[in-house]
Amino acid sequence: MGETDLGALLRRHRQGADLTIEELSAASGVSDRGIGDIERGVSRGPQRRTVEALADALHLAADDRALLLRVARTGRRRPGTGTPHALPLPRRVPDFVGRAAERAALAAALGGARPGEAAPVAVVTGPPGFGKSTLAAQVARDLRDRFGEQLFLDLRGVDHEPVAPDTAVRRVAEALAAGTVPPDPAAAVEHVRSLLAGRAVLLVLDNAASEEQVRPLVPAEGPAAVLVTSRRALAGLDGVHRSALGRLAPEDSVALLGEILPGRGDDADLARLAALCDDVPLALRIAGNRLAARAGWSIGGLVRRMAVDERRLDSLTAGDQQVRAAFTSSYEQLGPGAQRLFRRLGLVDAPTIGAGLAAALLGETLWRTEDLLDELVDLSLVQHLPGDRYQLHDLLRLYARSELDLQEDAAARAQARDRADDWLLTTTVRAGRRFEPEHAADPDHGRVDAPGGDVDLGDPDAAQRWLRAESASWLEALRRASAAGAHARVAEVADALHWFSDLWATWDRWAEVYDRSADAATALGEDHLIAVHEGYRAWAQAVCRGDLPRARVAADRALAAARRCGDTAQEGWALSYRSWICSQLGDLGPAEADARAAVACMRAAGDREGTPQAMLSLSKAQARLGRHDEAVRTIRATIARVTDPATRPRAQVAAFTEANAYTHLASTLAQVGRWPEVVEAAEQALRLAAPLGVPRIVSAAHLARGRARVALGDPGAAVGDLEIAVALRSELGDGALLAAAAADLDRARASLAGAGTVAAG
């Protein structure tokens with residue numbers, strides 16, 4: 001054995017210690033692949049800390065340890081002439097499924113390589129375990145007929161020492177023409193490019209760490225082409241086709257598990273397992289292989305194990321394949337700040353996050369946090385989504401939480417959580433107040449130095465975007481505040497969202513928000529707050545949940561509290577809510593009486609926002625009582641009040657109320673067949689509602705205009721209106737209303753078809 005043969009030397013010591021490669025890997029912390037590369041001579045000069053870890057695990061004597069370190073150091077100094085190596089594609093995966101769109105796009109991008117044109121380069125990026133290498137090898141096989149020569153080189157991008165650019169050049173050159181590579185690095189680059197010139201070669205550069213590894217190997221012209229995979233974005237490469245891999249489609253995940261486990265379980269079992277694997281190819285293969293290797297295991301048993309979050313990552317291990325290890329290899333490439341941010345993203349309850357919340361979790365400025373988020377995105381640990389949102393996939397979130405538990409104590413975790421919750425609730429109040437008449441003109445909405453001021457809340461559109469995008473996170477913060485007994489905080493947040501909730505009445509969590517705030521008000525024992533929040537609860541239960549009996553109870557509690565504390569405005573609101581609920585229940589006499597009393601209270605209190613709402617409640621009761629002309633007069637009086645500068649509601653309440661009033665007007669006029677007036681009212685409603693984005697109003701206006709157009713003999717125009725109404729009501733989940741709109745659409749289509757038949761005859 002020569003002293004300079006590091007691989008043979010390490011193998012002798014390992015065998016002398018009676019250790020397998022896997023056992024030495026476990027004892028030293030060096031990957032089994034890394035040990036195998038050293039013993040095969042692929043890695044001739046590993047880092048000193050790697051060799052020291054191996055020496056420690058082997059318990060080498062001082063002389064043997066010194067020799068091992070010296071031989072490794074000599075290997076690092078040896079010129080990288082290399083030895084000839086073939087670079088074949090990895091073993092074919094017999095059960096490859098899915099990725100049809102990506103395969104087609106990559107084949108089209110690479111298959112267009114032509115002499116005299118720029119050599120095509122495609123880059124496949126994605127998180128660890130998403131199947132980049134497998135896809136690249138499959139695409140190469142798809143292009144066998146196009147590229148007679150195919151080389152596959154692993155650039156070891158997540159190793160502590162990735163393949164050096166010069167080494168990569170030499171290995172490709174040796175594979176193309178052994179023994180011809182000049183020693184000078186620049187000359188070697190020119191040589192490899194000359195070897196690629198004029199040859200239909202597909203060069204697959206797998207697991208690239210940087211652009212520097214790739215650039216020297218890109219030929220100037222076709223017919224050669226280059227396919228690169230990397231966890232990094234490699235944004236410095238120009239003029240390339242990019243394919244960012246996401247998770248597999250759920251049906252493809254089930255199909256993959258079905259290929260690995262033929263005859264084991266039904267599609268429902270496989271779907272549950274696939275969901276727990278987050279549709280990540282590596283996780284799916286590991287789970288499938290674990291079951292395939294254990295005939296006595298059931299899919300349900302593995303599902304039960306993996307359903308416990310704390311056990312899921314550890315369950316995704318099969319032999320030398322580990323999801324956790326794949327994630328760790330990327331995590332360890334991050335700087336300390338990015339590692340801390342990644343860990344703390346595990347605290348986020350929502351599927352996506354904005355940079356402002358990330359900054360609050362980290363306790364850093366927005367600008368510094370955005371730089372760290374870019375670092376996470378570059379390594380594909382976090383995905384950047386439209387609207388400047390960031391996504392952490394489920395398995396990566398579990399990994400982030402496990403690292404957080406390991407590396408930060410309970411006090412630090414609680415501090416980060418509390419800071420983020422405080423920021424979320426403060427910003428929710430600021431954003432919600434953009435829609436509250438008494439706060440809409442507050443000067444601090446757009447201030448950067450205000451609490452939570454990192455977020456742009458400079459106008460209502462920006463505030464609405466933030467409230468919707470971050471709703472899952474601020475709702476969780478509200479839940480924690482409620483559970484902690486922070487009653488005043490809960491009431492403050494819910495109150496700030498009151499008028500905004502009208503603009504987003506389709507959100508399915510308002511009933512919970514106002515249940516919590518009404519309970520908080522009761523706990524605080526303040527009648528004014530009870531009146532306010534029981535009123536909100538009545539609205540949410542009636543409009544959002546359709547639970548009219550419960551809504552009636554809440555309205556009664558609101559009315560009693562308002563009368564106890566002598567709050568005339570809140571008495572009017574409670575009566576208005578109760579009137580609307582009674583109308584829906586068919587209790588029309590009390591509905592009219594409550595509405596008239598509500599109007600009187602609102603006017604007495606000078607409530608500019610509440611008075612027109614009470615008037616619309618009154619018109620609803622009048623219409624249901626069959627007094628349509630009277631209802632029309634009440635609605636027109638409401639519109640006049642809303643448009644008069646002396647009585648016009650503040651902020652967006654005016655436009656919302658006016659649009660709602662015109663919708664009521666169109667509906668009421670339709671009941672008595674005044675069709676030209678219906679069209680006019682519906683068009684006014686649509687004009688006002690379009691900027692607000694309120695689907696219930698838009699749907700009702702299109703429905704009214706569609707019905708009017710049928711009656712006026714224009715079924716062609718009516719079909720367009722009714723199709724919009726049906727589509728919106730389908731999204732809203734209005735069962736009975738959807739059925740009625742769909743029936744109107746069927747009649748309009750039949751009328752249109754009949755008109756066409758008559759014309760043809």
Side-chain angles (χ1 to χ4, degrees), residues 505-506 543 546 580 583-584 586 588 616-617 619-639 642 655-761:
T506 55
V543 174
W580 190 89
S583 287
Q584 294 296 104
L588 301 179
L616 290 178
S617 291
S619 73
K620 187 177 185 68
Q622 291 168 334
R624 285 185 172 243
L625 285 164
R627 305 204 305 267
H628 297 100
D629 289 344
E630 191 176 348
V632 167
R633 287 194 296 273
T634 301
I635 297 170
R636 291 198 185 278
T638 305
I639 293 170
V642 170
F656 172 82
T657 305
E658 189 178 359
N660 200 27
Y662 272 113
T663 302
H664 277 290
L665 181 60
S667 176
T668 304
L669 290 167
Q671 293 176 50
V672 290
R674 292 161 63 173
W675 300 117
E677 293 176 81
V678 172
V679 172
E680 181 183 353
E683 288 176 349
Q684 290 281 26
L686 290 171
R687 176 182 62 82
L688 292 160
L692 298 173
V694 184
R696 289 187 188 278
I697 293 178
V698 174
S699 172
H702 276 293
L703 181 61
R705 190 170 68 176
R707 287 172 172 169
R709 283 173 163 171
V710 169
L712 292 169
D714 190 1
V719 166
D721 275 320
L722 294 170
E723 285 177 341
I724 294 172
V726 167
L728 288 173
R729 289 197 165 170
S730 179
E731 292 175 11
L732 294 170
D734 287 337
L737 294 176
L738 172 61
D744 284 323
L745 177 59
D746 289 341
R747 284 192 289 270
R749 285 173 172 164
S751 178
L752 183 62
T757 301
V758 170

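The chain is numbered in sequence order, starting from 1. Heavy atoms only: backbone and side chains are in, while hydrogens, waters and symmetry mates are out. Keep in mind it's a predicted model, so treat the numbers as computed, not measured.
A donor-acceptor pair under 3.5 Å links the side-chain atoms of Thr638 to the main chain of Thr634, judged by distance alone. A donor-acceptor pair is defined here as one N or O able to donate and one able to accept, closer than 3.5 Å; such a pair exists between the side chain of Thr668 and the backbone of His664.
Contact annotation: the side chain of Leu665 never approaches that of Gln684 to less than 4.5 Å [non-hydrogen atoms, C-beta and beyond]. Residues Asp721 and Arg709 meet the side-chain proximity criterion, which asks for heavy atoms closer than 4.5 Å.
Going from atom OG1 of Thr663 over to atom NE2 of His702 covers 10.5 Å, rounded to the nearest 0.5 Å. The OH atom of Tyr662 sits 12.0 Å away from atom CD of Glu683, with the distance rounded to the nearest 0.5 Å. Between Ser583 atom OG and Leu588 atom CG the span is 6.0 Å, to the nearest 0.5 Å. Rounding to the nearest 0.5 Å gives a distance of 11.0 Å between OG of Ser619 and CZ of Arg624. With values rounded to the nearest 0.5 angstrom, Leu722 atom CG is found 8.0 Å from Arg707 atom CZ. Between the CG atom of Leu688 and the CG atom of Asn660 there is a distance of 11.0 Å, given to the nearest 0.5 Å.
Smallest separation of non-hydrogen atoms from Ala718 and Val710: CB-CG2, 3.4 Å. Closest heavy-atom contact between Ala682 and Ala701: CB-O, 3.5 Å. Here the closest heavy-atom approach between residue Ile635 and residue Ala661 is recorded as CG2-O, 3.4 Å. Of all heavy-atom pairs between Ala659 and Ala689, the closest is CB-N, 4.0 Å. Between Val678 and Ala666, the closest heavy-atom pair is CG2-O, 3.7 Å. In terms of heavy atoms, Gln622 sits closest to Ala631 at OE1-CA, 3.4 Å.
Crowding of Gln584 atom CD: a count of heavy atoms from other residues, nucleotides or ligands under 6.0 Å exceeding 12.
Of the charged side-chain nitrogens involved, at least one lies within less than 4.0 Å of a carboxylate oxygen, so that Asp629 and Arg674 count as a salt-bridged pair. At a threshold of 4.0 Å, the pair Glu723-Arg749 counts as salt-bridged, since one of the basic side-chain nitrogens sits closer than that to a carboxylate oxygen.
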Next on the checklist: Using the rule given for salt bridge (Lys or Arg N to Asp or Glu O under 4.0 Å), can you reason through Glu630 versus Lys620, listing the C-alpha separation, both sets of side-chain angles and the distance that settles it, and then say yes or no?
Outcome noted: CA-CA 10 Å; Glu630 191 176 348; Lys620 187 177 185 68; over 6 Å; no
Checklist entry - Passes side-chain contact (heavy atoms from CB on, under 4.5 Å), Arg705 versus Leu686? Steps please. => result CA-CA 10 Å; Arg705 190 170 68 176; Leu686 290 171; 3.8 Å; yes
